[in-house]
Amino acid sequence: MERDATIAAALIAAARDLSVQLSRLSFGPPVSHVYDPLSYAWSGYESYLRRHAAGLRKILFLGMNPGPFGMVQTGVPFGEVAAVRDWLGIRVDVAKPMLENPWRPIEGFACTRSEVSGRRLWGLFRERFGSADAFFAEHFVANYCPLAFFDRGRNLTPDKLPAAEAGPLRAACDAHLRLVVSILQPDWVIGIGAFAEERAAMALAGTPVRVARVLHPSPASPAANRGWAAAATRQMQALGAWS
């Protein structure tokens, strides 16, 4: 796999800038805690970019935001601990956020809870491509929004935020997505779920990038629980993005 460190460096700079922008936003009830893995778990995300984003990519998979037992713990999108450690080859020390949520503590790679969505996503890629290098030769996985929101122990997704708070958040995340696409130059942006597809379509309107979606692998989805990997594969093949 041909490597271009300048691409990873550009993505690193873009992520740092996004984190700074989002640190200026505030969120009211019912949000009790906000986690930014691009801050306290930066070592994980930077390692992910340096190791797996050093080149142009044909397909960008786009998630919504970090899950409580995935990216929140490891700093890697859909970052189920075992997948990140054993398949992506990343294991780093993760710091604590300044304001830790006692209902969702940060345990880093010591977290014993499995992020089901991440296990399914990376499991499909491992099954189809074998090695991480083979997958990342043409693919990359990112999240639209890097922030995780909680109402005590309950996960709040960005689509549930009031308009006054969602507007500035989406403006920053839209701009960051456009920058990521300009750096990686994918042919496809595949939203993992409807929200990511919708945001990508709006942010990338007027560009030549093709936007589509696959079923979200969340265990809250009955369709995903009936065989997510097979369903997502069929969707990618129907699009012509996979053979």
Side-chain angles (χ1 to χ4, degrees), residues 6-50 52-53 57 60-68 70-79 94-101 104 106 140-151 155-186 189 191-193 195-207 209 211:
T6 62
I7 289 177
L11 291 173
I12 287 169
R16 285 192 180 279
D17 183 60
L18 177 63
S19 181
V20 170
Q21 290 183 56
L22 297 185
S23 71
R24 302 185 182 120
L25 303 182
S26 59
F27 302 91
V31 175
S32 64
H33 295 79
V34 179
Y35 279 167
D36 177 8
L38 301 190
S39 176
Y40 67 87
W42 175 251
S43 57
Y45 193 64
E46 182 180 25
S47 296
Y48 174 65
L49 294 179
R50 290 194 186 282
H52 296 301
R57 297 292 181 259
L60 173 63
F61 286 101
L62 187 70
M64 178 164 49
N65 76 316
M71 188 174 182
V72 158
Q73 303 293 340
T74 65
V76 175
F78 288 87
V94 174
K96 296 274 192 179
M98 288 184 64
L99 182 61
E100 188 172 21
N101 182 353
R104 286 288 179 259
I106 299 303
F140 192 65
V141 179
N143 269 331
Y144 170 73
C145 171
L147 301 183
F149 303 93
F150 298 97
D151 174 4
N155 187 43
L156 297 173
T157 51
D159 57 320
K160 302 297 191 295
L161 296 173
E165 296 175 355
L169 175 70
R170 292 181 178 184
C173 293
D174 285 354
H176 178 257
L177 176 58
R178 286 190 289 268
L179 182 53
V180 168
V181 166
S182 74
I183 294 167
L184 291 176
Q185 299 179 33
V189 171
I192 302 172
F195 176 85
E197 179 198 30
E198 174 190 309
R199 295 314 311 164
M202 296 189 72
L204 301 171
T207 75
V209 180
V211 176

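We're numbering straight along the sequence, starting at 1. The figures that follow rest on heavy atoms only: side chains count, while hydrogens, waters and symmetry mates do not.
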Give me the atom names and distance for the closest heavy-atom approach of [X] to [Y].
X: Ala15; Y: Tyr45; answer: CB-CE2, 3.6 Å
X: Leu184; Y: Ala53; answer: CD2-O, 4.5 Å
X: Ala172; Y: Leu18; answer: O-CD1, 3.7 Å
X: Phe78; Y: Gly63; answer: CE1-CA, 3.6 Å
X: Val20; Y: Arg24; answer: CG1-NH2, 3.5 Å
X: Pro66; Y: Pro146; answer: CG-O, 3.1 Å

When you compare the side chain of [Y] with that of [X], does any pair of heavy atoms fall below 4.5 Å?
X: Tyr144; Y: His176; result: no
X: Arg199; Y: Leu177; result: no
X: Met64; Y: Ile192; result: no
X: Ser23; Y: Asp36; result: no
X: Asn155; Y: Phe149; result: no

Can you tell me how far [atom2] of [Y] sits from [atom1] of [X], rounded to the nearest 0.5 angstrom?
X: Leu22; Y: Cys173; atom1: CG; atom2: SG; value: 5.5 Å
X: Ile106; Y: Asn101; atom1: CD1; atom2: CG; value: 8.5 Å
X: Ile12; Y: Leu49; atom1: CD1; atom2: CG; value: 5.5 Å
X: Leu156; Y: Ser32; atom1: CG; atom2: OG; value: 7.5 Å
X: Asp17; Y: Leu179; atom1: CG; atom2: CG; value: 8.5 Å
X: Asp159; Y: Cys145; atom1: CG; atom2: SG; value: 10.5 Å

Check whether [X] reaches the backbone of [Y] with its side chain - one donor and one acceptor, N or O, closer than 3.5 Å.
X: Thr207; Y: Leu204; value: yes
X: Tyr40; Y: Val72; value: yes
X: Thr74; Y: Gly70; value: yes
X: Gln185; Y: Arg57; value: no
X: Tyr35; Y: Arg104; value: yes
X: Arg178; Y: Ala203; value: yes

- Message: Between Met71 and Leu38, does the side-chain contact (heavy atoms from CB on, under 4.5 Å) criterion hold? Intermediate values first, please.
- Response: CA-CA 9 Å; Met71 188 174 182; Leu38 301 190; 3.9 Å; yes
- Item | Intermediate values then yes/no, side-chain contact (heavy atoms from CB on, under 4.5 Å), Thr157 and Phe195 | CA-CA 10 Å; Thr157 51; Phe195 176 85; over 6 Å; no
- Item | Test of ring centre spacing under 6.0 Å for Phe140 and Tyr48 |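 Phe140 vs Tyr48: aromatic centres under 6.0 Å.
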- Message: Under the rule for salt bridge (charged side-chain N to carboxylate O under 4.0 Å, His left out), what residues qualify as partners of Asp151, not counting sequence neighbours?
- Response: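 Partners of Asp151 under the salt bridge (charged side-chain N to carboxylate O under 4.0 Å, His left out) test: Arg154.
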